[in-house]
Structure formats: structure tokens, C-alpha cells
**Q** 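Dumping the structure here so I can ask a few things about it.
Here is the naming used below: chain letters follow the sequence lines, and residue numbers restart at 1 for every chain.
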Protein chains: 2
Amino acid sequence: MEEIGQTEFICPSDTFLGIIKGKCKTTLIVLIKKGRNRYGEMCRTLPTISPRMISKQLDELERDGIIERHSFAELPPRVEYTLSDYGETLYPIIREIRKWGYMHQARTK
Amino acid sequence: MEEIGQTEFICPSDTFLGIIKGKCKTTLIVLIKKGRNRYGEMCRTLPTISPRMISKQLDELERDGIIERHSFAELPPRVEYTLSDYGETLYPIIREIRKWGYMHQARTK
């Protein structure tokens, strides 16, 4: 594994966390990966999060190159998201994070 | 993998992030894992972080059951930390997070 030098100016974990922090961003990534990838569908799946907040998270994930937005000129308009190739490299880590999170929830409740 | 229900009240990622967020906590975990586990040594390795902040992070990691503190009644007093068995379950994920973080730093700089 990488060596830690005497000083570490930009913590790589902070870099990672900068990408996935944000209201249930990892849940959105999982939904997209599992094919629940339409905007409206995600809003219905996460009713405790406002559609505006979900939009914001999706925009950030798109900006960071993790997901791709596909807009279809239909009536009603359809917007779907997919993981980018880069997002696919993030996904296995998110899966492990979520698994650990569930375990910790069970352990501490 | 786990199913995402209609609602998800406590996001498992947030649970995970709650444990590792904090000023370079993952770096401390890596240092401990690699045997740079004395308090003074960690302070010297991370000169940009105040010893007080390092203490705080270590206390939180101990409280969360991730690390164990061993105090030796010597002169000068010696304090060492080790990963707990539970902390060991976290470690592979942190390694992947850091690896991804380094990759993302290289990609975006």
C-alpha cells in the first residue's frame, strides 16, 4: 500500500469523502446501479428527501463524473441516469461502506 | 446485496461516515495499522494537525470501538494504540477509499 510521508497535504480519504458526502448520495448511486435510474422513481423511493435536494445531489455526481444523465425528448419528458465507467470504480467501495454501515447499526442499536 | 426499501431511515453510508469523518481519522487508522502507533510518533508524522486534535480523533476512535489504547507506566509515559478486531473490519474499506482518493487526485489535478 501507499506510504505515508512525513506530511500529507491532501488526505486521500477527504478526496473520496468529498465525492460521496451529501444527502444519501451513495443511496442514489446504488439506485442508479440497480436500474431504478429515473429521476421520478428516485424521488418516490426516497420520499424523505426533497426532489430539489435529489436534483442537487444528482447534478453534483454528474459534475464529478460519477454518473451520466440521459434526457429523452418524450412526453412526458424522461430523464435517466447511469453510472459512468468512473462511477463503476466507486461502486464496489460504496457497497462495502453500506455493508459495514448496516453491520455497525445492528451492533450499536 | 441489500434491498433498498421504499424508505431508508438511517442511511448506512452515513453511519459509516460518522465513524471515519474527522480530521484525517483514516490516516490515523492507517498509521496505527502500520505500527506507527505511539501518540508522539503520530503527532510528528502529522505536523499540520495539532496534538490536541489528534487526541480528540483518537479518543473518538477508541469510543467507537475501532482502536484500543494501551498505556505503559514508564518514564516517560508511553501510550500506544492498536486496531481492535472491529477496527480490522473497517481497515480494508479504508484502504480502498484511500486508493480511490489518490486516483481521483491524480485524475483531477
**Q** Is any side-chain heavy atom of B/Ile97 closer than 4.5 Å to one of A/Pro12?
**A** no
**Q** Show your working on side-chain contact (heavy atoms from CB on, under 4.5 Å) between A/Ile20 and B/Ser13 and close with a plain yes or no.
**A** CA-CA 9 Å; A/Ile20 66 154; B/Ser13 303; 5.6 Å; no
**Q** Can you establish whether the number of heavy atoms outside A/Arg63 located under 6.0 Å from its atom CZ is more than 12?
**A**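 It does: A/Arg63 CZ has more than 12 such atoms within range.
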**Q** Taking atom OG1 of A/Thr15 and atom NE2 of B/His104, what is their separation to the nearest 0.5 Å?
**A** 7.0 Å
**Q** Out of B/Leu17, B/Thr108, B/Thr89, B/Asp14, return the one with the most heavy atom pairs under 4.5 angstrom to chain A.
**A**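 So the answer, after comparing B/Leu17, B/Thr108, B/Thr89, B/Asp14, is B/Thr89.
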**Q** Select, from B/Arg107, B/Lys25, B/Met103, B/Glu96, the one with the greatest count of heavy-atom pairs under 4.5 Å involving chain A.
**A** B/Arg107
**Q** Give the C-alpha distance, both sets of side-chain angles, the deciding distance and a yes or no for side-chain contact (heavy atoms from CB on, under 4.5 Å) between B/Ile19 and A/Trp100.
**A** CA-CA 11 Å; B/Ile19 298 293; A/Trp100 198 93; 3.9 Å; yes
**Q** Measuring from B/Cys11:SG to A/Leu46:CG, what's the distance to the nearest 0.5 Å?
**A** 9.0 Å
**Q** Do we get A/Arg98 above B/Phe16's six-membered ring, with its NZ or CZ under 6.0 Å from the centre and within 45° of the axis?
**A** no
